[in-house]
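All of these numbers come straight from a predicted model, not from anything done at the bench.
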Amino acid sequence: MKAKESRLLDFLRASNQFVIPIYQRPYRWEEAQCHKLWDDVLRAGRNKDGIAHFVGSVVYIQDGLYNVSDQPALLVIDGQQRLTTFMLLIEALARAQGGSPLSGDFEARKLRHYYLKDTLQDGERAYKMLLSAADRVTLQAIVDGADLPAGHSIRIVQNFELFRKLLQGADLEVVARGLASILIVDISLERGHDNPQLIFESLNSTGKALGQADLIRNYVLMGLKPALQDKLYREHWRPMEVEFGQEAYATQFDGFMRHYLTMRTGDIAKVEEVYEAFKEHAKAEEAAGRDVAAVVADIHRAAGLYCRLALGRGEDDKTLVDAFKDVRELKAEATFPFLMEAYGDHRAGLLDKKDFVAVVRLVEAYVFRRAILAIPTNSHSRTFATFSRGLDKTRYLGAVSARFLGLPSYRRFPSDEEFEAAIQVRDLYNTRNRSFWLRRMENHGRKERVAVEEYTIEHILPQNENLSQAWKDELGPDWESVRAARLHTLGNLTLTAYNSELSDHPFAAKRDAECGFKHSPLHLNAGLGQVEKWDEAAIQARAQRLAKRSVEVWRAPAMDPADLASFQVASEPKSEWTLADHPRLSSGPVAALYQELRGQVMALNQAITEEFKKHYVVYRAETLFLTMVPFATILKIYLNMPFAEIQDTRGLCRDVTNLGHWSSGDVEFEVDAHSDMAYVMALIGQAFEWQMEDAEVS
């Protein structure tokens with residue numbers, strides 16, 4: 001590696017051509033990075049002492065993908081975002097001069113010749129920088145003053161127009177002096193000696209942080225021979241970029257790669273560790289005999305599934321489009337790894353369309369029912385990360401139904417009874433899902449679907465806190481409590497296209513008006529024309545009727561007991577040990593301590609079970625999170641979580657990672673009669689949450 005300080009303009013002028021390799025990410029800088037670069041240029045231009053201003057490094061390899069002339073092109077490893085942006089600024093400065101040209105090398109014709117395009121060369125040889133894909137033709141069109149191509153690079157055009165706007169009110173001489181004062185670090189790598197991937201990972205000084213997917217793309221393609229790079233890029237990576245679209249690729253591809261890895265490995269990588277998880281996956285695939293081409297092809301196939309499922313792009317089947325839309329509206333991203341696998345199985349012929357739609361609807365019902373019951377969603381990621389593990393795909397729908405029915409209590413599929421009861425009293429208006437549930441209930445069973453987005457939500461009993469006397473009389477003497485309890489609930493909410501016309505009028509007026517409920521074609525308004533009085537009883541009656549309908553809309557899995565039994569795996573035999581085998585826990589100084597602590601642990605969640613072993617007691621929800629080991633006067637506690645993750649401000653815990661001890665756990669501490677039980681439970685609660693958390697955010 002050779003590094004030296006260079007003036008940016010000298011570096012650009014001396015270099016024949018820059019080539020951005022196909023494994024580099026597209027141009028990504030946004031207005032924030034462009035404004036910072038602009039401020040750097042102005043600061044340098046206003047400095048009367050002529051002090052240069054450093055803006056970063058450019059890393060390149062000579063003799064890159066190919067030679068575009070007798071002098072080799074520079075294959076840019078790091079710095080393409082900055083170089084591209086400076087070229088946009090230079091072209092904007094050339095155009096801004098108009099009838100008052102700058103002098104010397106900053107005159108528009110010379111700016112373009114030295115730094116943008118050598119008009120004495122032909123074709124692509126002429127351009128100072130060759131970007132990749134849509135970025136390349138867009139930059140060339142701007143430099144040539146030509147019409148923008150179809151599917152042009154949005155970011156390049158936006159940032160070029162930004163610089164044109166900034167230059168309108170700027171002192172062009174200051175801008176020119178600033179450009180002349182900009183310094184970079186010119187870093188040249190030696191092919192065959194320097195590792196460009198490691199250097200690329202460590203530098204990343206662009207001002208726009210690399211995404212995990214950017215690192216993955218470089219990792220996959222950078223080390224390959226140019227011909228294979230080009231083949232994989234053309235056949236797989238570029239089509240993925242097109243499927244996602246420019247904006248979605250920039251914002252959604254990292255998330256896709258995380259879901260892809262979860263689908264393939266069953267493990268949930270932290271957001272900032274997707275790249276490392278992918279490297280481990282790629283190594284495992286290589287060890288299993290699958291080369292990089294097979295891995296990239298698999299990513300490409302999964303990306304197509306993701307675009308249809310998560311982005312609503314590319315699926316033509318109306319039934320699937322509607323089902324995927326409902327999952328998206330629920331914000332049920334945690335279900336994507338399983339749904340992507342099921343979708344792939346459907347396309348591979350393992351699951352017919354009818355059953356696949358039924359699977360998607362079961363997933364939707366599971367997520368929505370739990371939302372109505374206000375069950376925390378923090379177990380969803382773990383539920384669906386391994387949902388398909390061991391699934392009998394020869395009986396796909398039955399196996400999925402059995403898996404849902406077999407989920408333990410805190411991950412359970414809510415029953416019809418509890419769902420029906422909860423949806424009647426839940427505040428359904430102040431939720432992010434209110435348009436979703438109204439649309440689903442209205443269109444359930446319809447072949448001619450209602451465009452619910454054209455309607456607004458109507459409170460039959462008005463929201464207005466200053467209720468008219470007519471409404472107070474209608475509700476009765478307890479009108480305040482009725483309103484507080486029922487205003488935003490299922491029985492009082494509907495849809496209308498005449499919200500302003502119905503306004504806060506009395507119920508009879510809302511019912512009988514030409515645009516009123518009696519004449520409404522919507523299913524949600526059926527029966528309102530026959531209601532005489534809108535009081536608590538009427539609200540409750542409608543809620544009960546709609547709740548029964550909701551059970552049909554979001555169906556629970558139903559199986560014959562014999563069929564269900566055929567999917568069930570024999571459970572592990574229960575421990576032969578009991579409390580009677582632990583005399584220290586039955587009487588003596590530790591017994592009371594154990595009973596107090598046990599009661600609080602079991603109260604954490606109804607899914608927690610207690611199991612006696614020969615020398616200790618363990619507590620688990622699905623997996624073990626806590627072990628108690630009784631001694632004469634103390635309980636030793638082991639928490640099954642990484643020691644580095646425990647928050648222990650009092651320093652009670654000891655790291656027993658890789659040290660021999662009873663049961664499992666890397667965290668150890670002791671409890672005696674003098675312990676602060678509230679603090680002890682705070683430590684234990686961390687281990688429980690560690691197990692329960694879904695690792696969605698880090």
Can you tell if the side chain of Lys279 reaches within under 4.5 Å of the side chain of Tyr275, non-hydrogen atoms only?
yes
With distance as the sole test, does Arg370 use its side chain to make a donor-acceptor pair with the main-chain N or O of Arg412 at under 3.5 Å?
yes
Are any of the side-chain nitrogens in Glu243 or Arg313 under 4.0 Å away from the carboxylate oxygens of its partner?
no
Is it true that Phe253 and Phe244 have ring centroids separated by less than 6.0 Å?
yes
I'd like to know if the side chain of Asp345 and the backbone of Leu351 have a donor-acceptor N/O pair within less than 3.5 Å.
no
With the threshold set at 4.0 Å, does a side-chain nitrogen-carboxylate oxygen contact exist between Arg555 and Asp416?
no
Is any side-chain heavy atom of Ile20 closer than 4.5 Å to a side-chain heavy atom of Leu130?
no
Listed partners of Tyr127 passing ring pair (Phe, Tyr, Trp, His ring centres under 6.0 Å), at least two apart:
none
Closest heavy-atom pair, Ala302 versus Tyr260, reported as atoms and distance to 0.1 Å, is CB-CD1, 3.5 Å
Atom pair CG/NE2 of Leu261 and His259 - distance to nearest 0.5 Å:
11.0 Å
Please check this pair: side chain of Arg549 against backbone of Met441, looking for a donor-acceptor N/O pair closer than 3.5 Å.
yes
Does Phe413 have Arg369 sitting over its ring (NZ/CZ under 6.0 Å from centre, angle to axis within 45°)?
no
Strictly by modelled atom types, are Tyr343 and Glu315 linked by a side-chain donor-acceptor pair under 3.5 Å?
yes
So, does Arg301 use its side chain to make a donor-acceptor pair with the main chain of Gly344 at under 3.5 Å?
no
Main chain of Asp267, side chain of Thr262: is a donor-acceptor contact present, judged purely on distance under 3.5 Å?
yes
Is the backbone of Gln81 close enough, under 3.5 Å, to the side chain of Thr84 for a donor and an acceptor to pair up by distance?
no
Tell me whether the centres of the aromatic rings in Phe356 and Tyr396 are closer together than 6.0 Å.
no
Less than 4.0 Å between a side-chain N and a carboxylate O, is that true for Arg136 and Glu124?
yes
Please confirm whether the ring centroid of Phe368 lies under 6.0 Å from the ring centroid of Phe436.
yes
Residues Ser132 and Tyr27: side-chain donor-acceptor under 3.5 angstrom
no
Return yes when atom CG of Asn430 has more than 12 non-hydrogen atoms of other residues, nucleotides or ligands closer than 6.0 Å, and no otherwise.
yes
Assess whether atom NZ of Lys393 is packed by more than 12 heavy atoms of other residues, nucleotides or ligands within 6.0 Å.
yes
Step-by-step side chain to side chain contact (heavy atoms under 4.5 Å, CB included) determination, Leu221 to Leu224
CA-CA 6 Å; Leu221 298 176; Leu224 303 178; 4.2 Å; yes
Lys/Arg-Asp/Glu bridge criterion (N-O < 4.0 Å) met for Asp322, Lys325
no
Hey, is the main chain of Asp254 close enough, under 3.5 Å, to the side chain of Arg258 for a donor-acceptor pair?
no
For the pair Met641 and Phe625, evaluate side chain to side chain contact (heavy atoms under 4.5 Å, CB included) and give the outcome as yes or no after the intermediate values.
CA-CA 7 Å; Met641 65 181 295; Phe625 69 93; over 6 Å; no
Is it true that the side chains of Asn433 and Thr431 contain a donor and an acceptor less than 3.5 Å apart?
no
Can any side-chain N or O of Arg217 pair as donor or acceptor with the backbone N or O of Trp237 at less than 3.5 Å?
no
Is it true that, when you exclude Glu286 itself, more than 12 heavy atoms of the residues, nucleotides or ligands shown sit nearer than 6.0 Å to its CD?
no
One thing to verify: whether Arg440 and Glu364 come together as a salt bridge, which I'm taking to mean a side-chain N less than 4.0 angstrom from a carboxylate O.
yes
Are any side-chain N or O atoms of Arg155 and backbone N or O atoms of Trp29, one a donor and one an acceptor, separated by less than 3.5 Å?
no
Contacts of Phe160 meeting ring pair (Phe, Tyr, Trp, His ring centres under 6.0 Å) (sequence neighbours excluded), chain-then-number -> none
Ion pair present between Arg361 and Asp326, side-chain N to carboxylate O less than 4.0 angstrom?
yes
Please lay out, stage by stage, how Val295 and Val220 fare under the test side chain to side chain contact (heavy atoms under 4.5 Å, CB included).
CA-CA 9 Å; Val295 173; Val220 168; 5.7 Å; no
Pair Arg439 + Glu442: basic N to acidic O under 4.0 Å:
no
Full working for side-chain hydrogen bond (donor to acceptor under 3.5 Å, both in side chains) between Arg403 and Ser388
CA-CA 9 Å; Arg403 184 63 52 86; Ser388 64; over 6 Å; no
Between Arg234 and Asp230, does any NZ, NE, NH1 or NH2 come within less than 4.0 Å of an OD or OE carboxylate oxygen?
yes
If only atom types and distance count, is the side chain of Thr386 paired as donor or acceptor with the main-chain N or O of Gly266 below 3.5 Å?
no
Looking at every heavy atom in both Thr85 and Cys34, which two are closest together, and how far apart are they?
CG2-SG, 3.9 Å
Is the gap between the ring centers of Phe384 and Tyr366 under 6.0 Å?
yes
Tell me yes or no: between the side chains of Arg426 and His488, is some donor less than 3.5 Å from an acceptor?
no
